[in-house]
Amino acid sequence: MASNKLKINDIARLAGVSATTVSHIFNKRDKKYRISPQTRQRVLSIAEKYSDQPHIRQYLVKANSTNTIGVIVPDMSNSFFSMFLHHLESSFRQKNIQLLITCSHYNKEVEIKVAQNLVERKVDAMIVVTSLDSDKLYVDINQNTPVLLFDRYLKDTVLPFITSESLQSVSDLIKPYAKNLDEFYFIGCDIQLTSICARLEGFRRGLESVGLTVKSEWIVSDDYSPNKGFELLKGVHERLGRMPKAIFTPSGNLLEEVLGYLVTARIDPEQVYLCSYDYNNYLGYSYYPIDAIVQDIENMALTCVDVVDDLLNFKELKHLEFFIEPQIIRHR
């Protein structure tokens, strides 16, 4: 070969077939043109020997693609993840790509198992809402299958991730209330997760910006399990002997559970200010006025599609961090 860069004509010559045949194989048209499996394997085996060349690697990825993307979420009943999957599936379907959706149920062992199953199914890429404490598993998977982290990312990760901005938006959400109050409670779970940790930091900044010193007892948190928000607020209510003057919840499911307790305890809406990260249309009809941060779920899903497309086409990402701006909706 006159050049170190292997060309389709070179592969055709080495395989003893035409360049057109090689092109059909690389573009997944071998069945359409009735190219035998033996010929396909011979061409791909030769290409594999030169897979250190980026353009050959691209040919191989396309030839072996399954047109499937694996997705791992922790909770399909969560309205945020449900809407995200809705927009994600719709966008990928327009590209003739199918999603294989799995659920970890916030269980680390389950997540590891479903991630390995997706690899065995030879998905072209993975989009993951992780509950793990380390990115080691996904860094290993990423060597052969691109991995994009979503919503939750891991500190100092080398993998790309997409999430909503939290620091400024949460601070702006609570400031109008905080400046007129002498207490503000954070009812949350899993604050070790980077997304929740960022919302907690935004909460702290919002209070400090209006001169409120955050007290440790205002930060009420635990590991998440169903109805945990109900239990946490009940504990605060019993400890104080009254309802806290203001509450911020860092997620929609916790807000639902907090509302469940308010209804059960028959708390007057005038007794408490409610703010939350995440929004659902039902909030507009809630007996309790709630100001909330609305994540731009459709934009987040479209950004996932664009980033995965770049990864599959070996395009260098301009950056690894994608923070999507949310909006604030007020009902009080």
Side-chain angles (χ1 to χ4, degrees), residues 73-85 103-108 110 129 131 151-152 164 166 169-170 173-174 177 183-200 202-204 206 216-295 297 326 328-332:
V73 296
D75 182 2
M76 291 187 189
S77 66
N78 181 298
S79 60
F80 169 70
F81 295 130
S82 297
M83 288 303 300
F84 168 67
L85 292 173
C103 187
S104 68
H105 303 284
Y106 300 99
N107 185 304
K108 296 176 183 178
V110 171
V129 182
S131 296
D151 184 50
R152 304 166 182 179
S164 289
S166 295
S169 56
V170 173
L173 175 72
I174 68 171
Y177 303 129
E183 71 174 18
F184 214 125
Y185 275 72
F186 175 99
I187 307 292
C189 287
D190 297 333
I191 58 175
Q192 77 280 3
L193 297 175
T194 49
S195 56
I196 302 300
C197 182
R199 295 167 195 177
L200 174 56
F203 174 80
R204 292 181 185 275
S216 59
E217 60 263 31
W218 295 353
I219 310 301
V220 183
S221 180
D222 200 350
D223 294 334
Y224 183 73
S225 60
N227 219 34
K228 180 59 71 173
F230 184 104
E231 296 172 9
L232 291 176
L233 181 54
K234 181 181 179 181
V236 172
H237 191 193
E238 292 175 347
R239 186 173 71 251
L240 294 178
R242 60 173 174 82
M243 188 58 51
K245 297 176 183 178
I247 297 171
F248 169 75
T249 57
S251 67
N253 55 340
L254 283 167
L255 173 62
E256 291 179 22
E257 293 162 2
V258 162
L259 288 172
Y261 180 76
L262 294 177
V263 171
T264 299
R266 298 184 177 182
I267 303 300
D268 188 316
E270 296 299 320
Q271 286 185 247
V272 60
Y273 289 95
L274 292 175
C275 300
S276 183
Y277 206 99
D278 274 349
Y279 179 83
N280 191 299
N281 288 333
Y282 72 78
L283 295 184
Y285 308 97
S286 173
Y287 177 62
Y288 296 91
I290 303 162
D291 287 1
I293 290 174
V294 186
Q295 300 191 69
I297 302 175
I328 294 175
I329 291 183
R330 299 194 183 277
H331 288 110
R332 184 181 287 274

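Computed from a predicted model, the values in this text were never measured in an experiment.
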(message) Just so I know, are the side chains of Y277 and P326 near enough to count as touching, which here means a heavy-atom distance under 4.5 Å?
(response) yes
(request) Under the side chain to side chain donor-acceptor pair (under 3.5 Å) rule, collect the residues that match up with S251, sequence neighbours excluded. (result) N253
(message) Tell me which pairs pass salt bridge (charged side-chain N to carboxylate O under 4.0 Å, His left out) where either residue lies in residues 258-274, with sequence neighbours left out.
(response) none
(request) Could you list the residues that satisfy side chain to side chain donor-acceptor pair (under 3.5 Å) with S169, not counting sequence neighbours? (result) E165
(message) Between F84 and D151, is there a side-chain heavy-atom distance shorter than 4.5 Å?
(response) no
(message) Walk me through whether F184 and Y273 qualify under ring-ring contact (aromatic ring centres under 6.0 Å, His included).
(response) CA-CA 9 Å; F184 214 125; Y273 289 95; 8.1 Å; no
(request) Sequence neighbours left out, what passes salt bridge (charged side-chain N to carboxylate O under 4.0 Å, His left out) with E231? Give chain and number order. (result) K228
Tabulate below the donor-acceptor pairs under 3.5 Å that side-chain atoms of residues 234-243 make, not counting sequence neighbours, or state none.
| residue | atom | partner | partner atom | Å |
| --- | --- | --- | --- | --- |
| H237 | ND1 | Y261 | OH | 2.7 |
| R242 | NH1 | E183 | OE2 | 2.8 |
| R242 | NH2 | E183 | OE1 | 3.0 |

(request) Would you name the heavy atoms of S221 and I191 that are closest together and state the gap between them? (result) OG-CG2, 3.4 Å
(request) Kindly compute the distance separating CG (L193) from OH (Y106), expressed to the nearest 0.5 Å. (result) 9.0 Å
(message) Which residues pass the salt bridge (charged side-chain N to carboxylate O under 4.0 Å, His left out) test with D190, not counting sequence neighbours?
(response) none
(request) Could you tell me which residues satisfy ring-ring contact (aromatic ring centres under 6.0 Å, His included) with H105, sequence neighbours excluded, listed by chain and number? (result) none
(message) List the residues meeting side-chain contact (heavy atoms from CB on, under 4.5 Å) with T249, not counting sequence neighbours, and say none if there are none.
(response) I187, I247, L254, L255, V258, S276
Would you mind writing out the side-chain donor-acceptor pairs for residues 283-292 within the sub-3.5 Å range, not counting sequence neighbours?
| residue | atom | partner | partner atom | Å |
| --- | --- | --- | --- | --- |
| S286 | OG | Y288 | N | 3.0 |
| S286 | OG | Y288 | O | 2.9 |
| Y288 | OH | L262 | O | 3.2 |
| Y288 | OH | I267 | O | 2.6 |
| D291 | OD1 | Y177 | OH | 3.3 |
| D291 | OD1 | H331 | N | 2.6 |
| D291 | OD1 | R332 | N | 3.3 |
| D291 | OD2 | Y177 | OH | 2.2 |
| D291 | OD2 | R330 | NH1 | 3.0 |

(request) To the nearest 0.5 angstrom, please state how far the CG atom of L173 sits from the CD1 atom of I293. (result) 4.5 Å
(message) Show me the pairs that pass salt bridge (charged side-chain N to carboxylate O under 4.0 Å, His left out) and involve residues 249-264, at least two apart or across chains.
(response) none
(message) Nearest 0.5 Å, please: how far is OG in S82 from CD1 in I297?
(response) 9.5 Å
(request) Return the minimal non-hydrogen interatomic distance between S131 and S104, and the atom names on each side. (result) OG-OG, 4.3 Å
(message) Within this structure, what is the NZ-OH distance for the pair K245 and Y185, rounded to the nearest 0.5 Å?
(response) 10.0 Å
(message) If you count heavy atoms of other groups shown closer than 6.0 angstrom to CD1 of I328, is the number above 12?
(response) yes
Side chains of residues 73-80: which donor-acceptor partners sit under 3.5 Å, not counting sequence neighbours?
| residue | atom | partner | partner atom | Å |
| --- | --- | --- | --- | --- |
| D75 | OD1 | S77 | N | 2.9 |
| D75 | OD1 | S77 | OG | 2.6 |
| D75 | OD2 | S77 | OG | 3.4 |
| N78 | OD1 | F80 | N | 2.8 |
| N78 | OD1 | F81 | N | 3.4 |

